[in-house]
Amino acid sequence: MNKYLKRTLKILGITVGSIVAIVLIFVLVLTIAEYRPDDVEQLELTGSADQKISEGQTFTILSWNIGYGGVGETSDFFMDGGKGVRTQDEDQVKANVQAVIDMVGKEKPDVVFLQEIDRNSTRSWHMDQVETVGNALPNYQGAFAANFKVLFMPFPIPPYGHIDSGIMTLSRYAATKAERIKLPCPFSWPMRLLQLKRCLLVERIPMKDSDKELVLINLHLEAYDDGEGKVEQTRMLKDLMQTERDKGNYVIAGGDFNQSFSSVDTSMYPVQSHDDDVWMCGEMDTSIFNSSWQFCMDTTWPTCRSLDRPYDRNDENFQFFMIDGFIVSDNIKVESMETINEDFVHSDHNPVRITLTIGNE
């Protein structure tokens with residue numbers, strides 16, 4: 001073997017070894033920095049709310065996955081079959097978040113559930129959306145629960161970068177406690193390092209002249225597992241809700257389930273693609289719950305659109321989903337349930353609104 005070949009092999013060996021070492025060091029850093037929340041964490045309540053709620057009272061909840069202001073109508077997304085990483089510029093992100101604030105101002109809901117709201121993420125230009133929304137809505141008390149914290153996601157190209165995101169509840173009714181309840185994570189190491197750590201944001205609001213509580217549960221369930229994670233998380237949600245209902249409390253869970261309810265007819269939004277790279281929603285088996293629960297989705301408009309490509313409102317075969325809604329205990333009367341058709345201009349989800357009356361017994 002001549003000296004030139006030996007030198008080439010040596011350089012190649014050093015290069016490969018260096019790459020392997022860099023990858024191992026990076027995985028080690030991510031492992032050390034991994035977000036490891038406790039099973040239950042107390043959350044800070046910010047802002048002020050001066051209203052009280054009592055039995056017989058009617059109120060509204062608006063829920064919206066706002067897509068961190070970064071997945072408006074021109075967006076696709078690499079995790080859902082598209083190619084986009086950071087698909088909205090800084091001005092667009094700010095405009096999309098302002099649209100959320102404007103929607104709340106227009107609808108004037110008593111409670112707001114937001115999902116995919118960022119605090120300091122590369123994908124949303126490091127905008128503190130929690131602070132922005134909270135400051136713009138001073139008559140609401142707010143709580144934030146993190147569910148996606150990654151030091152740096154190195155893929156795709158350009159890299160997804162730093163992520164700090166979660167779910168937020170805003171209420172005109174003062175809560176006595178807000179908690180982050182950890183949900184099962186279906187991913188193992190090392191894939192777990194780059195995945196969401198899903199949770200429930202549970203707020204307890206005392207009822208006026210009663211020892212009962214209104215228990216509000218904001219959620220964003222698993223999206224990218226093989227199905228088992230969704231089942232485990234749904235069962236944990238069911239058990240928590242039933243425990244609260246057995247106490248006589250009024251219980252509402254709402255948000256982005258990443259699943260359609262099996263008890264709701266979603267045939268108007270059939271599967272349009274069988275490409276394995278295109279994300280498809282799951283189905284929640286509502287039969288695992290007992291008769292204490294009402295499953296609410298309005299199928300007049302879809303609540304979510306596919307992100308495998310930018311939105312084309314003129315394509316009759318575009319993929320839509322019904323995955324945002326509410327589960328309500330039987331001691332609450334559901335007056336109405338409505339999907340607000342924003343036509344996916346500011347997010348890949350439409351907001352949903354429910355009107356409820358405390359007491360149905």
For a 4.5 angstrom cut-off between non-hydrogen side-chain atoms, does [X] reach [Y]?
| X | Y | value |
| --- | --- | --- |
| Arg172 | Lys108 | yes |
| Ile340 | Asn350 | no |
| Val112 | Leu137 | no |
| His346 | Met103 | no |
| Ile217 | Val215 | yes |
| Asp225 | Arg198 | no |
| Trp293 | Arg245 | yes |
| Trp189 | Thr31 | yes |

Residue pair [X] / [Y], side-chain donor-acceptor N/O under 3.5 Å:
| X | Y | value |
| --- | --- | --- |
| Asp118 | Gln129 | no |
| Thr339 | Thr300 | no |
| Thr357 | Thr58 | yes |
| Gln92 | Asn96 | no |
| Ser165 | Glu116 | no |

Do side-chain atoms of [X] reach the backbone of [Y] as a donor and acceptor pair under 3.5 angstrom?
| X | Y | answer |
| --- | --- | --- |
| Lys197 | Tyr35 | yes |
| Ser306 | Phe320 | no |
| Arg123 | Thr87 | no |
| His162 | Leu151 | yes |
| Asp256 | His220 | no |
| Gln294 | Ile332 | yes |
| Asp324 | Pro351 | no |
| Gln319 | Pro270 | yes |
| Ser171 | Tyr173 | yes |
| Trp64 | His349 | yes |

Above 12 or not: heavy atoms from other molecules or residues under 6.0 Å from [atom1] of [X]?
| X | atom1 | value |
| --- | --- | --- |
| Lys182 | NZ | yes |
| Asp276 | CG | no |
| Arg235 | CZ | no |
| Lys247 | NZ | yes |
| Glu335 | CD | yes |
| Met191 | CE | no |

Exercise for review: Determine, step by step, whether Lys83 and Asp76 satisfy the salt bridge (charged side-chain N to carboxylate O under 4.0 Å, His left out) criterion, reporting the C-alpha distance in whole Å, the side-chain angles of both residues, the deciding distance to 0.1 Å, and the verdict.
Suggested key: CA-CA 6 Å; Lys83 298 178 180 178; Asp76 62 350; over 6 Å; no

Rounded to the nearest 0.5 Å, what separates atom [atom1] in [X] from atom [atom2] in [Y]?
| X | Y | atom1 | atom2 | answer |
| --- | --- | --- | --- | --- |
| Met127 | Thr132 | CE | OG1 | 4.0 Å |
| Thr234 | Leu219 | OG1 | CG | 9.0 Å |
| Met241 | Ile327 | CE | CD1 | 5.0 Å |
| Asn147 | Cys185 | CG | SG | 11.0 Å |

Exercise for review: Would you sort out whether Asp315 and Arg309 count as a salt bridge (charged side-chain N to carboxylate O under 4.0 Å, His left out), showing the intermediate values?
Suggested key: CA-CA 12 Å; Asp315 183 358; Arg309 55 196 171 104; 2.6 Å; yes

Under 4.5 Å between side-chain heavy atoms, counting indirect links through other Ile/Leu/Val/Met/Phe/Trp/Tyr residues: same cluster for [X] and [Y] or not?
| X | Y | result |
| --- | --- | --- |
| Phe113 | Tyr250 | yes |
| Ile66 | Val93 | yes |
| Leu62 | Ile101 | yes |
| Ile163 | Ile117 | no |

Exercise for review: Tell me, please, which residues at least two apart from Arg86 pass salt bridge (Lys or Arg N to Asp or Glu O under 4.0 Å).
Suggested key: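 Not a single residue meets the salt bridge (Lys or Arg N to Asp or Glu O under 4.0 Å) criterion with Arg86.
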
Exercise for review: For Asn218 and Gln115, run side chain to side chain donor-acceptor pair (under 3.5 Å): C-alpha distance rounded to whole Å, both residues' side-chain angles, the deciding distance at 0.1 Å, then the answer.
Suggested key: CA-CA 8 Å; Asn218 185 357; Gln115 301 88 42; 3.0 Å; yes

Practice item. Look at Asp348 together with Arg305 and state whether they make a salt bridge at an N to O cut-off of under 4.0 Å. Key: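 No.
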
With under 30° as parallel and over 60° as perpendicular, where do the rings of [X] and [Y] fit, or are they tilted in between?
| X | Y | answer |
| --- | --- | --- |
| Phe26 | Phe152 | perpendicular |
| Phe257 | Phe261 | perpendicular |
| Tyr160 | Phe77 | tilted |

Side-chain atoms of residues 41-52: list all donor-acceptor pairs with protein atoms under 3.5 Å, sequence neighbours left out, distances to 0.1 Å.
| unit_1 | atom_1 | unit_2 | atom_2 | d |
| --- | --- | --- | --- | --- |
| Glu41 | OE2 | Asp38 | N | 2.9 |
| Gln42 | NE2 | Glu179 | OE2 | 2.9 |
| Thr46 | OG1 | Gly142 | O | 3.4 |

Check your understanding: side chain to side chain contact (heavy atoms under 4.5 Å, CB included) with Pro184: which residues, sequence neighbours excluded?
Key ->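 Testing Pro184 for side chain to side chain contact (heavy atoms under 4.5 Å, CB included), a comparison that skips the adjacent residues, returns Glu232, Gln233, Met236.
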
